[in-house]
Amino acid sequence: MPKPKEVSPPRPELGEIIIIPDRTKRVLEPSEIFNETEANLYIEGCDFPETSDYIIPAVWLDNEFSVSGKNILEICTGPGNLALEISKLGAKNVVGLDGDPTMINHARQKQNFAEGLKFQLGLVDNMPFNNDTFDLTIVQNSMHQLFNPLDALKEMVRVLKPGGTGVIRDFDRLCSEEDLIERLKHTKPGIVELLLDSILAAQTPEEWTEMLNQIPDIASFEIRKVPDPRGSSPEVDRLIALDPVPHWLDHLISQDVIFVKK
Ligand SMILES: C[S@@+](CC[C@H](N)C(=O)[O-])C[C@H]1O[C@@H](n2cnc3c(N)ncnc32)[C@H](O)[C@@H]1O
């Protein structure tokens, strides 16, 4: 499949100067779980029809690990879009977990669009699941928001079956300045500061390595840059060509943390 050659042009209304903050220290976001107004704004921002934001990680997950017939948990599911896309690709059961009732109530409206999809209210540091339940656990663009990501990581491992895989896709606080500027150039004014706050709250590869090394049940792990999604499927390419806000450029500033349970 030929890849589109160019990204869409930078937004003309954005000023030329982007000040990149000091990224040496993690700065937590003001809240871990949104209030109701913030949750509704977030949902509104995610639920436009022609977005590639969720199909990109779902297709990647399927190409990489094959979701067919698997029991999959998405934590911090928010509006539930990634869980829905994974379900549509043939997973047996997909559970989306979130600690925010507004998000879960909204996500539950999507349960009818795919079989075996369900959403559950619960906190990531005390998940309402038995040990050894899921083949795959995934979390996208959320770990940076957690005040204690190590507790969530331990829970992701606990609920995985032996040999199961965990995936954390999120920003890399120490992504290259060139890539960060490129991503910000394509970001709506007003969102730039919010995105920078999320990047400042995100973990570095070294911080993930330190956390992963503390969990005896992890057999192996790797941390890699997120691949450019262009060419990963015809549907991804169609949506990227239409995407009004190219969040798909997130791959420039994001990393995948992939681990396997013993
Ligand atoms: C930035 S949103 C991302 C949502 C979704 N993954 C996405 O990509 O659209 C982060 C989500 O994490 C949830 N969250 C934050 N802290 C949590 C916790 N301690 N337990 C469960 N969910 C939590 C929030 O309610 C929110 O829905």
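Whatever order the structure lists ligands and atoms in, that order sets their numbers, starting from 1.
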Name the atoms and distances for all side-chain donor-acceptor pairs under 3.5 Å in residues 48-68, with sequence neighbours left out.
| from | atom 1 | to | atom 2 | distance (Å) |
| --- | --- | --- | --- | --- |
| Glu50 | OE1 | Arg238 | NH2 | 3.3 |
| Thr51 | OG1 | Asp53 | N | 3.1 |
| Thr51 | OG1 | Asp53 | OD1 | 3.1 |
| Thr51 | OG1 | Asp53 | OD2 | 3.4 |
| Ser52 | OG | Asp243 | OD2 | 2.9 |
| Asp53 | OD2 | His247 | ND1 | 2.7 |
| Asp62 | OD1 | Val67 | N | 2.9 |
| Glu64 | OE2 | Arg224 | NH1 | 3.0 |
| Glu64 | OE2 | Arg224 | NH2 | 3.0 |

Separation between CG of Leu249 and OG1 of Thr187, rounded to the nearest 0.5 Å =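 Interatomic distance, Leu249 CG to Thr187 OG1, rounded to 0.5 Å: 8.0 Å.
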Could you list each N/O atom of ligand 1 together with any protein N/O atom closer than 3.5 Å, one pair per line with the distance?
| from | atom 1 | to | atom 2 | distance (Å) |
| --- | --- | --- | --- | --- |
| ligand 1 | 6 (N) | Cys76 | O | 2.7 |
| ligand 1 | 6 (N) | Gln140 | O | 3.0 |
| ligand 1 | 6 (N) | Ser142 | OG | 3.3 |
| ligand 1 | 9 (O) | Tyr42 | OH | 2.8 |
| ligand 1 | 9 (O) | Tyr54 | OH | 2.6 |
| ligand 1 | 19 (N) | Glu32 | OE1 | 2.9 |
| ligand 1 | 20 (N) | Val124 | N | 3.1 |
| ligand 1 | 22 (N) | Gly99 | N | 3.0 |
| ligand 1 | 25 (O) | Asp98 | OD1 | 2.6 |
| ligand 1 | 27 (O) | Asp98 | OD1 | 3.3 |
| ligand 1 | 27 (O) | Asp98 | OD2 | 2.7 |

Output, in order, the C-alpha distance, side-chain angles, deciding distance and verdict of salt bridge (Lys or Arg N to Asp or Glu O under 4.0 Å) for Asp132 and Lys261.
-> CA-CA 10 Å; Asp132 308 343; Lys261 182 171 174 176; 2.9 Å; yes
Distance-only check: which donor-acceptor pairs under 3.5 Å involve side-chain atoms of residues 78-87, not counting sequence neighbours?
| from | atom 1 | to | atom 2 | distance (Å) |
| --- | --- | --- | --- | --- |
| Asn81 | OD1 | Lys110 | NZ | 2.4 |
| Asn81 | ND2 | Asp47 | OD1 | 3.1 |
| Ser87 | OG | Ala83 | O | 3.4 |

For the pair Phe171 and His144, name the ring-plane relationship: parallel under 30°, tilted 30 to 60°, perpendicular over 60°.
->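 Correct class here is tilted.
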side-chain hydrogen bond (donor to acceptor under 3.5 Å, both in side chains) partners for Arg173, two or more places apart |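 Expected list: Glu207.
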